[in-house]
Amino acid sequence: MSLSELELWSAANMVLTTHGERAPVFVAERIGALALAGDVEGVAVWQAIARRLSELGADAGPMAVTH
């Protein structure tokens, strides 16, 4: 599943709006769950969302730059 830039930015904004300060933790948990499930594409999508989340002002932590 490849998402457009608009979809990735929209997802990052929605996660930040929904989860606030906890947004980076939520994203890291999603990435971890997808990694454990072997969903490489899903991990890549959530890492892209994490990078955008960081640019929106939330610290997405090391999961944003993995891979």
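Keep in mind that this is a model prediction, so the values were computed, not measured. Computation of the quantities below employed the complete heavy-atom set of this structure, encompassing side-chain atoms and omitting hydrogens, waters and symmetry-equivalent molecules.
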Give, for atom CG of Asn13 and atom CG of Leu53, the distance between the pair rounded to the nearest 0.5 Å. 9.5 Å
Can you tell me how far the CG atom of Leu8 sits from the CG atom of Leu3, to the nearest 0.5 Å? 5.0 Å
Does Glu55 have any side-chain contact (heavy atoms from CB on, under 4.5 Å) partners at least two apart in sequence or in another chain, and if so, which? Trp9
Once rounded to the nearest 0.5 Å, what's the spacing between atom CD1 of Ile49 and atom OG of Ser10? 10.0 Å
Tell me every residue that passes side-chain contact (heavy atoms from CB on, under 4.5 Å) with Ser4, counting only those two or more places apart in sequence or in another chain. Leu6, Glu7
How about Val15 and Trp46: do any of their side-chain heavy atoms sit closer than 4.5 Å? yes
Extract all donor-acceptor atom pairs below 3.5 Å that involve side chains of residues 19-35 and protein atoms in other chains or at least two apart in sequence.
unit_1: Arg22; atom_1: NH2; unit_2: Glu29; atom_2: OE2; d: 3.2

